[in-house]
Amino acid sequence: MKHFMRFSKISKAFKEVPSQYVYQINPIKNFEPIKQFRVIDLEGNLIAKEYNNIPKETLNQIFDLMISIEEMDNILYMSQRQGKISFYMTSFGETATTVGTTAALQPQDFIFPQYREQGSFMWRGFTIEQIVNQCIGNHLDGGKGRQMPVHYGSKDLNIVTVSSPLTTQVPQASGAGYGFRVNGENKIAATWFGEGAASEGDFHSAMNFAQTLKCQTLFLCRNNHYAISTPTDDQFRGDTIAGKAPAYGMRTLKIDGNDLLAVYNGVKYAREEIIKNKEPFFIEFITYRIGDHSTSDHSVLYRSQEEIDSWKSGNNPINRLGLFLKKQGLRQFNDEHDNQIRKDVRNRVIAALKNGSEQQSPSIQDLFTDVYDEVLPHLQDQYTQLREHLTKYKDQYPINKFKGGL
Ligand SMILES: Cc1ncc(C[n+]2csc(CCOP(=O)(O)OP(=O)(O)O)c2C)c(N)n1
């Protein structure tokens, strides 16, 4: 009898929404692709006039830094070939997505970088000397020589240290953004990552956490077309990386990443929305990695020189911003001035390499004392053993090379 009742009537509490159903099998594969937000065209012409709002001084500061980084990257890349540093990663073609984004943030915002964001570090004041000392790994390196080159970090500048394992920084940024929201802070966590890194599970967990927990987190994907030798066609399908974000319920923008004005305005807008709505925001920048992945790569083995050259001369963020500044009369273009900037950077990098290579290596003692708050017994034992060994065989080791000796 009880069983029969079950089929007799439907509870009135259940309200059906008819529009949620269809009566035909109709699978969905693609949504309408998200269009790229753009302010200036390839020739630097202003298209979206209402976004021409960046102060002239800021634009010139941004441009100066973009050309400085290009020069610094050139020399540090070559210095690896000369054996002065062991490894390097350039950011040719991508400086709008680092300098332009960071210029639109507030200094109190936390940055969780991948590894190609020297522009973010330098906009906040990280110096050429700090970059070079980190790449050499001498005692002036804030990381005490424990990481490979380009793994910068700065507590003073609110920039979390670069990590080698891809995408680990992304869920960390969700966590930090959660903390900022819970504590009612006017602060966001901004994290950069490549389209390759977005294939890691950590990316998807981070997105889901951020939206469900309403984290004050800004996701900044640099889609530069390659993850080492893997082109985007082999990396993902669907509407690039931005197409995935609305599926997490996240507000999303896709931006022409070589258009400095679009990058700056998009990030400024996103930051304001994050603070106002107390929820995350996603931005994908479409850009191109003009340089090799790193000094351990030779990219013409998997892409043509013509392809590289077409981005280098055609859709290049420095060229486009330069043309815009010229057409708007916002910068006095004379070769002497720009050459002087490049020359000064070159001299500074060369001097920093010379000075950095003459510095002592980080302290041996720090290997044991600067691990935990207190020196744990097993580390004390290891330090004692090492000291005994080095004292016994002191002629065999260049102990004076290390800060503080034994
Ligand atoms: C977990 C993990 N897997 C693989 C690597 C090796 N690896 C280093 S960089 C890289 C490519 C990442 O490409 P992308 O995220 O698109 O950034 P891009 O280098 O293009 O800026 C890979 C596969 C790694 N460091 N960590």
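Side chains are part of it too, since the values below use all heavy atoms of this structure and drop only hydrogens, waters and symmetry mates. Whatever order the structure lists ligands and atoms in, that order sets their numbers, starting from 1.
Considering backbone and side-chain N/O atoms, Y226 comes within less than 3.5 Å of an N/O atom of ligand 1. In terms of polar-atom proximity, E94 is not counted as a contact of ligand 1, lacking any N or O under 3.5 Å from an N or O of the ligand. For ligand 1, one of its N or O atoms has an N or O atom of L166 under 3.5 Å away. Checking only distances, M89 never comes within under 3.5 Å of ligand 1, N or O to N or O. The N/O atoms of F193, backbone and side chain alike, include none that comes under 3.5 Å of an N/O atom in ligand 1.
Scanning all protein heavy atoms for the shortest distance to atom 16 (O) of ligand 1 gives G196 N, 2.9 Å. Looking at atom 9 (S) of ligand 1, its nearest protein heavy atom turns out to be Y115 OH, 3.1 Å.
With contacts defined as side-chain heavy-atom distances shorter than 4.5 Å, the pair W192/T102 qualifies.
Q235 and S199 are linked by a side-chain donor-acceptor pair at a separation below 3.5 angstrom, with hydrogens and angles left out of the test.
Within a 6.0 Å radius of CD in E336, no more than 12 heavy atoms belonging to other residues, nucleotides or ligands are found.
The nearest pair of heavy atoms linking N315 to N258 is O-ND2, 2.8 Å.
When the heavy atoms of E200, E117, R222, R116 are ranked by distance to atom 3 (N) of ligand 1, first place goes to E200. The residue from S294, C221, S164 that puts a heavy atom closest to atom 25 (N) of ligand 1 is S164.
The ligand atoms of ligand 1 that sit less than 4.0 angstrom from a heavy atom of P165 are 26 (N). Within ligand 1, counting atoms from 1 as listed, the ones closer than 4.0 Å to a heavy atom of N224 are 18 (P), 20 (O), 21 (O). Within ligand 1, the atoms closer than 4.0 Å to a non-hydrogen atom of A197 are 14 (P), 15 (O), numbered from 1 in the order shown.
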Output, in order, the C-alpha distance, side-chain angles, deciding distance and verdict of salt bridge (charged side-chain N to carboxylate O under 4.0 Å, His left out) for E70 and R342.
CA-CA 9 Å; E70 196 172 64; R342 288 183 185 271; 2.9 Å; yes
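Geometric assessment of R387 against the ring of Y383 yields a positive cation-pi assignment under the 6.0 Å and 45° thresholds. In this structure, R331 is positioned above the aromatic face of F333, its NZ or CZ under 6.0 Å from the six-membered ring centre and within 45° of the axis.
Within a 4.0 Å radius of atom 12 (C) of ligand 1, the protein contributes one or more non-hydrogen atoms.
The pair K327-E43 does not count as a salt bridge, with every side-chain nitrogen at least 4.0 angstrom from each carboxylate oxygen. The pair K392-E388 does not count as a salt bridge, with every side-chain nitrogen at least 4.0 angstrom from each carboxylate oxygen.
For Q114, the heavy-atom gap to ligand 1 drops under 4.0 angstrom.
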